[in-house]
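What you are looking at is a predicted structure, and each value in this text was computed from that prediction instead of being measured. All residue numbers refer to positions in the sequence shown, counting from 1. When reading the values below, keep in mind they use all heavy atoms of this one structure, side chains included, and skip hydrogens, waters and symmetry mates.
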Amino acid sequence: MNRTLEWTVRVELSEQDGTTRAEAVLDTGSARLTGQGIARCSPQDPDVPTIGDEVAASRAMHDVAAQLMSVADRALGEAGAGRADEPLRPPYAWSDASS
């Protein structure tokens, strides 16, 4: 079976008073997952907005990734690959090679 999909991620950033907030939205075409991330500049550190953007965006995307893994865990359980009420842990068919 061959298939090609395109999922999009939109990340919106805002910064105020040394705090950067990010919202990441994953759109799969059939579902949307939204993650949040925050980065705060320490008073003793130089204020480099791009670093706050990267940290906040990374945290927002990590939040989306965790939600997506939960969705996949449930789907695997429902497909008979494990108990639906208990999250699966690697190794399974799509496990992270670094685990």
State, to 0.1 Å, how close [X] and [Y] come at their nearest heavy-atom pair, and which atoms those are.
{"X": "Gly37", "Y": "Arg59", "result": "CA-CB, 3.8 Å"}
{"X": "Val64", "Y": "Thr34", "result": "CG2-C, 3.9 Å"}
{"X": "Ala56", "Y": "Ala39", "result": "N-CB, 3.8 Å"}
{"X": "Cys41", "Y": "Pro46", "result": "SG-O, 3.7 Å"}

Are [X] and [Y] joined in one hydrophobic group, where the rule is that I, L, V, M, F, W and Y side chains link up if heavy atoms are under 4.5 Å apart?
{"X": "Leu68", "Y": "Val11", "result": "yes"}
{"X": "Trp7", "Y": "Met61", "result": "yes"}
{"X": "Met69", "Y": "Leu33", "result": "no"}

Give a yes or no on whether the backbone of Ala57 and the side-chain of Glu54 come within a donor-acceptor separation of less than 3.5 Å.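 Pair absent, no side-chain N/O of Glu54 close to backbone of Ala57.
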
Residues in side-chain contact (heavy atoms from CB on, under 4.5 Å) with Ser70, at least two apart?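 Scan of Ser70 (side-chain contact (heavy atoms from CB on, under 4.5 Å), adjacent residues dropped) gives Arg74.
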
side-chain contact (heavy atoms from CB on, under 4.5 Å) against Ser14, all qualifying residues, sequence neighbours excluded: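 If we apply the side-chain contact (heavy atoms from CB on, under 4.5 Å) test to Ser14, skipping adjacent residues, the hits are Arg21.
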
Contacts of type side-chain hydrogen bond (donor to acceptor under 3.5 Å, both in side chains), residue [X], not counting sequence neighbours:
{"X": "Thr50", "answer": "none"}
{"X": "Glu6", "answer": "none"}
{"X": "Ser30", "answer": "Thr28"}
{"X": "Gln67", "answer": "Asp63"}

Who clusters with [X]? Use side-chain heavy atoms, under 4.5 angstrom, across I, L, V, M, F, W and Y, and order the result by chain and number.
{"X": "Met1", "value": "none"}
{"X": "Ile51", "value": "Val48, Val55"}
{"X": "Ile38", "value": "none"}

Of the options Val25, Leu26, Asp27, which is the one that meets Thr8 in a side chain to side chain contact (heavy atoms under 4.5 Å, CB included)?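 Of Val25, Leu26, Asp27, side chain to side chain contact (heavy atoms under 4.5 Å, CB included) with Thr8 is met by Asp27 alone.
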
Who pairs with Glu12 by salt bridge (charged side-chain N to carboxylate O under 4.0 Å, His left out), at least two apart in sequence or on another chain?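 If we apply the salt bridge (charged side-chain N to carboxylate O under 4.0 Å, His left out) test to Glu12, skipping adjacent residues, the hits are Arg10.
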
